[in-house]
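Working notes, beginning with the structure itself.
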Amino acid sequence: MSDWKEQVERVVRQVVAEVLSAEGDAALQDLSSGSLRKPLVAANWKMHQTRAEVRQFADRLPELSASVESVICPPAILLPILAEALGVDSPVRLGAQNMHPANKGAFTGEHSAPMLRDADARYVIVGHSERRGLFGEEDDFVAEKVKAALKAGLRPILCIGEVLAEREEGATFRVLRGQLTAALSELGAPAPDPADLVVAYEPIWAIGTGRTASVAQAGEALAFVRERLAEIFGWAWADRVRLLYGGSATPENATDLASRPDLDGFLVGGASLDPEKFARIVLAMHEARAAKKEGPR
Ligand code: PGA
């Protein structure tokens, strides 16, 4: 393709994407200002997929319900490829898996929030247990990322969760409280728009293990998280913030988990690499929300 054609296409893509995202935000705002939170299913592709696989995924992705916000977080290098493969009128939003809190600088191998935003990412996963455990990221670094993401117009999907030993010794709530309080500690007043922050409860023992939290375990952890958020920002705020469950979520267990009143969606690893499975989880969330139409609480 000639240079000028590419440039025109790029500009058209950008304009359409901006219009679509403005419309999407308005819809989200409408819903979140009432008693209903728009469900969200986010795919965490981790270190998987090549360009060809991304294109295959997009080709095979079934139509997704517009009542659920669908987000895919590919490796950062694949963001433009995924955007192109999905097409400008796709309802799927893009997200990143990690970011550095500085806007720019000598941080070899890192991406800043403004860079990710520039690559059309709307969300960013922050504080994932793999980042904490394998790359030594501490609570204060996670807190800086949450703050920087919001400042750059990226919505953080903040991950918190306990390891198995902590659950077994009855420390789950203490761990969740500590991680949540620390991660939000950099946010001064006023509180961010509740539509802009997402918290994912991801029990570490359930991630990539095929072992899912029971409906009761996920439900009580998410209720606890919402209560802690209410302590920090008040109930009016906490009632509007979306809470996800992550940890071996599949089409098979999504329907039961989605019945919990505090669960607004999923952060999906392994199953999200399969477009059919991802779409079935989105559908499960759509159906669960339709079934509890009366409201979140
Ligand atoms: P999993 O990963 O669904 O493969 O357990 C979830 C995550 O790590 O976010």
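Just follow the structure's listing: the first ligand is 1, and inside any ligand the first atom is 1. Model, not experiment: these values are computed from the prediction.
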Hey, is ligand 1 close enough to Glu202 that some N/O pair sits below 3.5 Å?
yes
Contacting atoms of ligand 1, where contact means under 4.0 angstrom from a heavy atom of His128
7 (C), 8 (O), 9 (O)
Any idea which protein heavy atom is nearest atom 4 (O) of ligand 1, and the distance to it?
Gly270 N, 2.8 Å
Distance under 4.0 Å to a non-hydrogen atom of Ala206: what atoms of ligand 1 satisfy this?
5 (O)
Under 3.5 Å, is there a donor-acceptor pair between the Gln97 and Tyr123 side chains?
no
Ligand 1 versus Asn44: contacting region, heavy-atom distance under 4.0 Å:
side chain
For Leu267, take its heavy atoms, then give the atoms of ligand 1 lying under 4.0 Å from any of them.
9 (O)
Under 6.0 Å from the six-membered ring centre of Phe224 and within 45° of its axis: does the NZ or CZ of Arg228 meet both?
yes
Are Trp45 and Phe57 near enough that their ring centres are under 6.0 Å apart?
yes
Ser129 touching ligand 1 at heavy-atom level, < 4.0 angstrom
no
Atoms of ligand 1 close to Lys46 [distance to a heavy atom under 4.0 angstrom, numbered from 1]
2 (O), 7 (C), 8 (O)
Can you give the donor-acceptor pairs under 3.5 Å from side chains of residues 178-190 to other protein atoms, not counting sequence neighbours?
unit_1	atom_1	unit_2	atom_2	d
Gln179	OE1	Gly161	N	2.8
Gln179	NE2	Gly161	O	3.4
Thr181	OG1	Arg177	O	2.6
Ser185	OG	Ala182	O	2.6

Sequence neighbours left out, what passes side-chain hydrogen bond (donor to acceptor under 3.5 Å, both in side chains) with Thr212? Give chain and number order.
Asn253
Specify the protein heavy atom at minimum distance from atom 6 (C) of ligand 1: its residue, its atom name, and the distance to 0.1 Å.
Gly269 N, 3.5 Å
Does Ser248 have a non-hydrogen atom less than 4.0 Å from ligand 1?
yes
Report yes or no: does a heavy atom of Gly246 sit under 4.0 Å from some atom of ligand 1?
no
Could you list which atoms of ligand 1 come closer than 4.0 Å to a heavy atom of Gly208?
1 (P), 4 (O), 5 (O)
Side chain or backbone of Cys159 under 4.0 Å from ligand 1, or both, or neither, by non-hydrogen atoms?
neither
Check this for me, if you would: do Arg132 and Glu137 make a salt bridge, where the nitrogen-to-carboxylate-oxygen distance has to be below 4.0 angstrom?
no
Looking just at side-chain N and O atoms, do Ser112 and His100 make a donor-acceptor pair shorter than 3.5 Å?
no
Salt bridge flag under 4.0 Å for residues Lys38 and Glu69:
no
State plainly whether the residues Arg289 and Asp264 are in salt-bridge range, i.e. N to O under 4.0 Å.
yes
Atoms of ligand 1 under 4.0 Å from any heavy atom of Gly247, numbered from 1 in the order shown, are 5 (O)
